Amino acid sequence: LTGRLRPRPRHALALVLLAPILFFALQRGLGKGDSDSMRVEVMKSSLRAFASRPLLGCGPDAFLLAFRRHKTYGFIRLAGNTSVVQSSAHNDLIQAAVTLGLLGLLAYAWLLWALAARLRRLLAGSAADGRPAAIAAALLGLFVQAKFNPVPPSALALAALMAGLVCRGSKSLSPAASRAAASLAAVFCAACALLLARFCAADRMFRQGQRIVNTTALADPSFMGGVNDLRRASELNPWLIDYLSQRCDVMFRVSGFASKEQGRQLIERALTLTEDGLRLHPGNPTAHELRATALALLSSRFDADRLAE
């Protein structure tokens, strides 16, 4: 990136010729045949979804909804059942095309092009400074990784900071403005740290509660401890539907072994939780499925009038 290494055309040609051989060797050595085949089917499903809404896409963060509607029979065959879904295209360009449409894809491509052009100018004008080259290498690695797997939000946040550093203007701020900007940045970082700590605590409780309720008998005293861990996890992070889904599933399971009145109370409590889930996740099919399950259990065991609802 700094220009010290200048690969010749024959080196690039050798890499192009060796890349397929290396790919198939890794595929055979790691046993990734089915996984790679599923990626191909995900791409086919993504192309179907894009063709159905080519201009504006299916909406931000709505790839799961589009995939459920357009997934191929080949994906179902490889997955082994119809309930397996994908929440990401495992490729940022395809993800942008499906969720944001052609207009969003063009905007995303322009953003990448503008960032690449800025990095190229910096590298050409600061050969002695290694910082632009380090940032460019990190962003390039993230760019390549995004073509095969979804990028975690933490990595995206760090990439945004790096992009901001390389795209900043050359004009210096006054001392007062610099102090104000530093203070705002410190407050923002502190708020992000607190939110991250809350999410980490929720994830730890969720994993601990999930392990307990899935490996412990109902009569075991520690089972309720696992239930309480799941409750705390969903309260700390109500924006993640997986926490609510696991908590409701446990309530559905326990209701079948409790007394009639206790079972009714559990299902009604789960129904109330699913209403909160629908309020936070109105477009998520899992939230609707949880509410439908709660209504079906309530109508089949206690109140037949709720079946139509």
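Keep in mind it's a predicted model, so treat the numbers as computed, not measured. Reckoned from all heavy atoms, side chains included, excluding hydrogens, waters and symmetry mates.
- For Q246, the side chain to side chain donor-acceptor pair (under 3.5 Å) partners at least two apart in sequence or on another chain are Q210.
- Here the OG atom belonging to S46 is positioned 9.0 Å from the CD atom belonging to Q86, to the nearest 0.5 angstrom.
- Taking each heavy atom of V98 and A49 in turn, the nearest pair found is CG1-CB, 3.9 Å.
- Between Y108 and D92, the closest side-chain pair of non-hydrogen atoms falls below 4.5 Å.
- When side chains are defined from C-beta on, L65 does not count as touching C58, because their heavy atoms never get closer than 4.5 Å.
- With rounding to the nearest 0.5 Å, the separation of CD1 in I267 from CG in L273 is 12.5 Å.
- Every residue two or more places apart in sequence or in another chain that forms a ring pair (Phe, Tyr, Trp, His ring centres under 6.0 Å) with F75 is listed here: F67.
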Pair up each side-chain donor or acceptor in residues 182-203 with any protein partner under 3.5 Å, not counting sequence neighbours, and list the distances.
from: S183; atom 1: OG; to: R179; atom 2: O; distance (Å): 2.9
from: R198; atom 1: NE; to: L236; atom 2: O; distance (Å): 2.5
from: R198; atom 1: NH2; to: E235; atom 2: O; distance (Å): 3.3
from: R198; atom 1: NH2; to: L236; atom 2: O; distance (Å): 3.1
from: D203; atom 1: OD1; to: Y243; atom 2: OH; distance (Å): 3.2
from: D203; atom 1: OD2; to: R207; atom 2: NE; distance (Å): 2.8

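- Residues R39 and N149 form a side-chain contact, since some pair of their non-hydrogen atoms from C-beta on lies under 4.5 Å apart.
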Inset, instruction - Start with the C-alpha gap between N237 and L240, add the side-chain angles, then the distance that decides, and say whether side-chain contact (heavy atoms from CB on, under 4.5 Å) holds. - result: CA-CA 6 Å; N237 187 2; L240 193 59; 3.8 Å; yes
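- Its side chain within the 4.5 Å cluster rule, L55 clusters with L56, L103 among the Ile, Leu, Val, Met, Phe, Trp and Tyr residues.
- In this structure, the side chains of L112 and L93 come closer than 4.5 Å at one or more pairs of heavy atoms.
- Proximity of E41 to L78: side-chain heavy atoms (C-beta onward) are separated by under 4.5 Å at one or more points.
- For the atom pair W110 CH2 and L115 CG, the distance stands at 10.5 Å (nearest 0.5 Å).
- Residues in residues 249-282 take part in no ring pair (Phe, Tyr, Trp, His ring centres under 6.0 Å) pair, two or more places apart or across chains.
- The hydrophobic cluster containing V151 also includes L142, L156, under a criterion of side-chain heavy atoms closer than 4.5 Å among ILVMFWY residues, counted directly or through chains of members.
- Residue F223 holds its CZ atom at 7.5 Å from OG1 of T216, rounded to the nearest 0.5 Å.
- Under a 3.5 Å cut-off, the side chain of K44 and the backbone N or O of V40 do not form any donor-acceptor pair.
- Side chain of S174 to main chain of A177: a donor-acceptor pair is present (N/O by atom type, distance under 3.5 Å, no hydrogens or angles).
- Looking at residues two or more places apart in sequence or on another chain, you find a side chain to side chain donor-acceptor pair (under 3.5 Å) between D229 and Q208, R232.
- For S299 (side chain) and A296 (main-chain N/O), a donor-acceptor pair under 3.5 Å exists by modelled atom type.
- Here S87 contributes atom OG and Q95 contributes atom CD; the two are 8.0 Å apart, rounded to the nearest 0.5 Å.
- Residues satisfying the side chain to side chain donor-acceptor pair (under 3.5 Å) criterion with S234, sequence neighbours excluded, are R247.
- A heavy-atom distance below 4.5 Å is found between the side chains of R253 and V250.
- Listed by chain and residue number, E289 satisfy the side chain to side chain donor-acceptor pair (under 3.5 Å) test with R68 (two or more places apart in sequence, or in another chain).
- Between F148 and H90, every side-chain heavy-atom pair lies at or beyond the 4.5 Å cut-off.
- Atom CG in L230 sits 11.0 Å away from atom CE in M251 (nearest 0.5 Å).
- Contacts of T274 classified as side chain to side chain contact (heavy atoms under 4.5 Å, CB included), with partners at least two apart in sequence or in another chain: C248, L271, L290, R291.
- With sequence neighbours left out, R48 forms a side chain to side chain contact (heavy atoms under 4.5 Å, CB included) with H70, T72.
- Applying the salt bridge (charged side-chain N to carboxylate O under 4.0 Å, His left out) test to R53 and every residue at least two apart in sequence or in another chain returns nothing.
- The number of heavy atoms from other shown groups lying within 6.0 Å of CZ (R120) does not exceed 12.
- Annotation: side chain of D276 is not in contact with side chain of P238 (no heavy-atom distance under 4.5 Å).
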